[in-house]
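Worksheet for the structure shown next.
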Amino acid sequence: MVPFALRWLQADAGEEPDKMYQLLDYCTQQLQADVNLAATMKSLRATQRLHSISLQDDDFAVGSNPSNLPQSSQERHVQMWARRQHMVVCNLVNRHVRSKEYKVALRWLSWLLIERREDPGLWSVVGYVQLMLGDITAADRTFHKAAELLGSARSPEQQRQAQAIKRRHQGLLLFARNDFAGALLEFEASGQVLSQAAAALQSRALVYVYSCNLGAAIQVCMHASSNSGVPLP
């Protein structure tokens with residue numbers, strides 16, 4: 001059986017998403033097979049307990065299927081394929097965003113939100129893509145949802161990070177409304193906490209470009225390059 005890591009490397013090569021979609025189909029098939037198997041084994045165990053029949057898990061093993069695993073291991077196997085499925089979908093989202101296929105990316109993000117509705121980072125990505133589509137009203141609502149979820153931060157450091165992310169969201173909204181001065185204030189405030197975040201530095205540099213301050217934009221890019229150790233192109 002081909003290892004998943006090798007399948008991933010093959011699918012991730014190149015810009016076309018076809019191979020990644022094939023990998024998604026494979027993950028979905030594996031996940032569904034494991035879900036069905038887990039349900040079957042659960043039913044068999046229930047029957048075993050009901051009739052006090054002493055059967056071993058190995059009696060139900062079929063080929064390479066994980067039916068010979070304990071129930072907890074079977075559940076982990078299902079979770080593993082669900083996690084891999086989500087990884088592939090996230091990759092597809094990135095590909096479609098890079099190709100400016102924002103509506104397709106949003107459909108996959110909506111699919112991810114079915115199981116990850118409490119993930120503020122995912123809501124942030126949705127808001128960003130909505131801004132790329134020019135839907136500022138929808139992005140504002142989405143960022144508000146992300147802010148509500150970030151409000152559950154408990155430790156002082158988590159609260160600082162959450163507040164910085166909220167200010168970055170506000171900066172993105174102001175930028176979309178052509179309020180470059182207001183956006184810069186928000187990005188600089190968030191950048192004091194998220195100083196090493198590439199997105200925060202890119203946002204500041206972009207505002208300087210749109211504000212016709214090319215020198216400041218270059219300084220931000222040089223600062224980002226010196227911190228990351230990656231030379232500018």
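Both backbone and side-chain heavy atoms feed into the values below; hydrogens, waters and symmetry mates do not. If you're wondering where the values come from, they're calculated on a predicted model, not measured in any experiment. Position 1 is the first residue of the sequence, and the numbers go up from there.
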### Task
Report yes or no: do Gln159 and Gln163 form a side-chain donor-acceptor pair below 3.5 Å?
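No.
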### Donor on one side chain, acceptor on other, Asn94 and Arg98, under 3.5 Å
no
### Message
Quick check for you: to the nearest 0.5 Å, what is the distance between Leu112 atom CG and Arg117 atom CZ?
### Response
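The CZ atom of Arg117 is 12.0 Å from CG of Leu112, to the nearest 0.5 Å.
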### Task
Kindly indicate, with the supporting measurements, whether the criterion side-chain hydrogen bond (donor to acceptor under 3.5 Å, both in side chains) is fulfilled by Asn36 and Gln32.
CA-CA 6 Å; Asn36 293 341; Gln32 190 59 53; 2.9 Å; yes
### Task
Output, in order, the C-alpha distance, side-chain angles, deciding distance and verdict of side chain to side chain contact (heavy atoms under 4.5 Å, CB included) for Leu24 and Val89.
CA-CA 7 Å; Leu24 177 61; Val89 171; 3.8 Å; yes
### Message
Using side-chain heavy atoms (C-beta onward) and a distance below 4.5 Å, is Trp8 in contact with Gln10?
### Response
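No, side chains not in contact.
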### Message
Does any part of the side chain of Val78, heavy atoms only, come nearer than 4.5 Å to the side chain of Leu37, both counted from C-beta?
### Response
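No, every pair of side-chain atoms sits at 4.5 Å or beyond.
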### Task
Report the C-alpha separation of Asn91 and Met87 in whole Å, then their side-chain angles, then the decisive distance to 0.1 Å, and conclude whether the side chain to side chain contact (heavy atoms under 4.5 Å, CB included) test is met.
CA-CA 6 Å; Asn91 183 287; Met87 286 171 53; over 6 Å; no
### Query
How about Lys19: does its NZ atom have over 12 heavy atoms from other parts shown lying under 6.0 Å from it?
no
### Task
Mind jotting down which residue pairs meet the ring pair (Phe, Tyr, Trp, His ring centres under 6.0 Å) criterion with at least one end in residues 115-172? Sequence neighbours excluded, please.
Phe143-His169
### Query
Taking only residues two or more places apart in sequence or in another chain, which ones pass side chain to side chain donor-acceptor pair (under 3.5 Å) with Glu101?
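By the side chain to side chain donor-acceptor pair (under 3.5 Å) rule, Glu101 matches His96.
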#### Entry: Partners passing side chain to side chain donor-acceptor pair (under 3.5 Å) against Gln22 (at least two apart in sequence or in another chain)
none
### Message
What verdict does the side chain to side chain contact (heavy atoms under 4.5 Å, CB included) test give for Val88 and Tyr26, after you've listed the backbone C-alpha separation in whole Å, the side-chain angles of each residue and the deciding distance to 0.1 Å?
### Response
CA-CA 10 Å; Val88 173; Tyr26 176 77; over 6 Å; no
Please tell me whether [X] and [Y] are part of a single hydrophobic cluster in this structure, the criterion being side-chain heavy atoms less than 4.5 Å apart.
X      : Y      : result
Ile165 : Leu174 : no
Met132 : Val126 : yes
Leu185 : Phe175 : no

### Query
When the aromatic ring centroids of His86 and Trp108 are compared, is their separation below 6.0 Å?
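No - the distance between ring centres of His86 and Trp108 does not fall below the 6.0 Å cut-off.
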